[in-house]
Enquirer: 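Provided herewith is a single structure, encoded as structure tokens, for subsequent inquiry.
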Number of protein chains: 2
Amino acid sequence: VVRMTDLRKTYFMGHGSGGGLFGKRGGGEVLTVHALRGVSLEFREGEYVAIMGQSGSGKSTMLNLLGCLDRPTSGEYILGGYDVAQLDDDELSEVRSRSIGFIFQSYNLIQQYTVTENIQLPLTYQGNGIISEEAQERTMELARLVGLHDRLDHRPNQLSGGQQQRVAIARSLINDPYIILADEATGNLDSATSYEIMSMLGKLNDAGKTIIMVTHEPDIAEYAKRIIRMKDGVIVEDGPSPRM
Amino acid sequence: VVRMTDLRKTYFMGHGSGGGLFGKRGGGEVLTVHALRGVSLEFREGEYVAIMGQSGSGKSTMLNLLGCLDRPTSGEYILGGYDVAQLDDDELSEVRSRSIGFIFQSYNLIQQYTVTENIQLPLTYQGNGIISEEAQERTMELARLVGLHDRLDHRPNQLSGGQQQRVAIARSLINDPYIILADEATGNLDSATSYEIMSMLGKLNDAGKTIIMVTHEPDIAEYAKRIIRMKDGVIVEDGPSPRM
Ligand SMILES: Nc1ncnc2c1ncn2[C@@H]1O[C@H](COP(=O)(O)OP(=O)(O)OP(=O)(O)O)[C@@H](O)[C@H]1O
Ligand SMILES: Nc1ncnc2c1ncn2[C@@H]1O[C@H](COP(=O)(O)OP(=O)(O)OP(=O)(O)O)[C@@H](O)[C@H]1O
Ligand SMILES: [Mg+2]
Ligand SMILES: [Mg+2]
């Protein structure tokens with residue numbers, strides 16, 4: 001369902017983005033960052049993959065490319081048969097909202113919206129902005145699943161870190177996506193709550209959803225069936241998880 | 001050095017903060033949140049304490065009170081001999097910037113500032129805004145310690161999640177504080193990088209600094225000498241760490 005061929009992502013940082021300090025301090029300044037240096041991967045439908053690797057190794061960059069939130073500098077990315085490079089921004093946005101649920105490393109919640117409104121945000125990108133009865137029920141069900149049924153009217157700054165993370169998790173599932181991309185989805189959760197979230201993801205995978213999650217924790221990675229390790233923008237390991 | 005007596009924190013959420021939804025959906029709406037329900041604790045100089053507990057149990061709330069970033073609803077908090085309730089906002093801010101280094105759960109970096117400028121931010125709250133030669137060297141040393149010497153001119157949106165977390169860690173140490181309050185300081189770091197950070201904190205504790213850290217990870221908690229567990233706004237456990 002996903003095929004990446006020699007994917008690269010380079011950030012070009014000109015003097016402008018470095019500010020006045022660039023002039024003063026020569027040498028040691030990095031003006032281009034090769035975040036992804038040629039990644040080739042295939043994921044089949046229904047896979048459950050964990051991506052691990054050092055901080056800064058390119059995991060989020062790769063996940064953003066997978067989720068069509070960013071375009072590669074070079075290389076090919078085929079998603080569900082579409083060559084992503086051939087799609088314009090609107091088509092990309094369409095594919096994304098229909099098939100992919102994304103849990104961001106920094107949540108990306110809207111500060112002015114309540115928990116309910118944040119969970120429903122992906123629905124507003126489709127259709128006419130009216131939230132159906134069924135969508136309302138689905139929202140309540142997801143809020144309950146992540147343990148936030150008693151925080152529905154709170155806004156993000158009225159929630160704990162782990163509660164904000166759980167809003168991001170619920171939001172990623174509202175469109176019933178085929179593919180779930182999770183970037184450190186349990187980083188701010190205690191073990192009991194993490195277990196509940198991993199258990200929920202496990203059921204979604206059993207039901208046929210493809211799950212690709214970035215995690216630093218070996219205990220969380222073991223829920224996956226396949227573990228990929230990254231280092232300095234490339235894949236250095238790719239094999240079955242210990243539980244297989 | 002720290003004494004909290006029957007500390008409570010209650011958030012009052014009126015109809016205003018709930019928006020129009022409050023009117024429609026009765027029952028089940030929480031209009032007051034008792035985040036801290038009577039906490040009494042003492043920390044001596046040089047202690048190394050880990051605070052654990054479920055998401056939403058009140059850990060960050062307690063840490064914010066400890067760090068004088070918020071005032072309790074009731075109860076007493078004595079810090080270094082001062083009754084915090086008797087200090088006005090300016091005096092509180094003074095005590096805070098001189099004695100406490102805070103690593104926030106959501107980093108609180110300034111998006112427009114570079115890594116260097118973010119690390120130096122606490123210095124600008126004291127003195128005349130001129131960064132001394134010594135402070136510049138200290139900044140470079142801290143950046144190197146957390147592995148960001150090659151990211152000095154990046155801004156937060158040009159950094160990975162774990163790199164942003166490391167900026168927050170470096171910033172907390174720039175004023176050489178007596179007390180370090182860390183809220184999930186390694187949540188976005190891989191094990192190798194976490195180990196380096198914990199090793200650095202261990203040295204600081206050996207040098208006499210008091211460290212109070214919130215963490216969800218038992219492996220990280222074991223670096224501490226004392227472990228406190230919270231549940232629903234109260235302390236349910238308080239004892240020596242397994243390594244003692
Ligand atoms: N401004 C606020 N208004 C209303 N409720 C709040 C506010 N801030 C926090 N809360 C509530 O207070 C409770 C405790 O929050 P706190 O941030 O201390 O939890 P925590 O233990 O740090 O959780 P986590 O492990 O998820 O970070 C939570 O249930 C949260 O919803
Ligand atoms: N907009 C940008 N401009 C310049 N460099 C960037 C930008 N975004 C990311 N980087 C760099 O690209 C590299 C990879 O970043 P990425 O966010 O993919 O890392 P990561 O593996 O997710 O790390 P972490 O585990 O800390 O979240 C990092 O070294 C980072 O500094
Ligand atoms: Mg990342
Ligand atoms: Mg917290």
Side-chain angles (χ1 to χ4, degrees), chain A residues 11 13 17-22 25 28-31 33 35 52-61 104-107 112-114 116-117 147-156 158-166 183-184 186-194 214-219, chain B residues 11 13 17-22 25 28-31 33 35 52-61 104-107 112-114 116-117 147-156 158-166 183-184 186-194 214-219:
Chain A
Y11 294 107
M13 298 178 65
S17 63
L21 293 169
F22 265 102
R25 239 190 290 131
E29 288 309 341
V30 178
L31 295 179
V33 176
M52 305 186 79
Q54 272 205 331
S55 173
S57 57
K59 306 178 296 297
S60 296
T61 300
F104 294 91
Q105 190 169 8
S106 54
Y107 319 153
Q112 298 81 0
Y113 286 7
T114 61
T116 304
E117 292 161 345
L148 292 177
H149 46 277
D150 60 351
R151 291 285 181 274
L152 294 172
D153 297 313
H154 285 231
R155 291 186 165 81
Q158 295 168 324
L159 295 173
S160 77
Q163 288 167 346
Q164 292 175 36
Q165 188 157 42
R166 285 182 266 156
D183 202 343
E184 304 283 351
T186 57
N188 271 309
L189 301 176
D190 55 278
S191 16
T193 315
S194 293
V214 169
T215 181
H216 286 307
E217 300 183 51
D219 292 351
Chain B
Y11 294 106
M13 299 178 64
S17 63
L21 293 169
F22 265 102
R25 240 189 289 129
E29 290 307 342
V30 178
L31 295 178
V33 176
M52 306 186 78
Q54 270 204 333
S55 173
S57 57
K59 307 179 296 295
S60 295
T61 300
F104 295 90
Q105 189 168 10
S106 53
Y107 318 151
Q112 297 81 358
Y113 286 8
T114 61
T116 304
E117 292 162 345
L148 292 177
H149 47 276
D150 60 351
R151 291 285 182 273
L152 294 171
D153 297 313
H154 285 231
R155 294 188 162 78
Q158 295 168 324
L159 296 172
S160 77
Q163 289 168 343
Q164 292 175 36
Q165 188 157 42
R166 285 182 266 156
D183 202 343
E184 304 285 351
T186 57
N188 271 309
L189 302 175
D190 55 278
S191 15
T193 315
S194 293
V214 170
T215 181
H216 286 309
E217 300 183 51
D219 293 352

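Chain naming here is simple, since letters A, B, ... match the order of the sequence lines and numbering starts at 1 in each.
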Enquirer: Measuring heavy-atom distances to chain B, does Glu217(A) have an atom under 4.5 Å in its side chain, in its backbone, in both, or in neither?
Expert: side chain

Enquirer: Quick one: side chain to side chain donor-acceptor pair (under 3.5 Å) partners of Glu184(B), sequence neighbours excluded?
Expert: His216(B)

Enquirer: Quick one: which of Gln164(A), Gln165(A), Gln54(A), Arg166(A) has the most heavy-atom pairs under 4.5 Å with chain B, could you say?
Expert: Gln54(A)

Enquirer: Is Ser160(A) in contact with chain B via its backbone, its side chain, both, or neither, using a 4.5 Å heavy-atom distance?
Expert: side chain

Enquirer: Look at Gly147(B), Gly161(B), Gly58(B) and state which one has the largest set of heavy-atom pairs under 4.5 Å with chain A.
Expert: Gly161(B)

Enquirer: List for me each residue that meets side chain to side chain donor-acceptor pair (under 3.5 Å) alongside Ser60(B), sequence neighbours excluded, and say none if there are none.
Expert: Gln105(B), Asp183(B)

Enquirer: Check Gly53(B) against Asp190(A) and note the closest heavy-atom contact, atom names and distance.
Expert: O-CB, 3.8 Å

Enquirer: How far does CE of Met13(A) sit from CZ of Arg151(B), to the nearest 0.5 angstrom?
Expert: 8.0 Å

Enquirer: Counting heavy-atom pairs closer than 4.5 Å to chain B, which one of Thr186(A), Thr193(A), Asp219(A), Leu189(A) comes out on top?
Expert: Leu189(A)

Enquirer: Any side-chain heavy atom of Gln158(B) within less than 4.5 Å of one from Val33(A)?
Expert: no

Enquirer: How long is the gap from OG on Ser106(A) to CG on Asn188(B), to the nearest 0.5 Å?
Expert: 9.0 Å

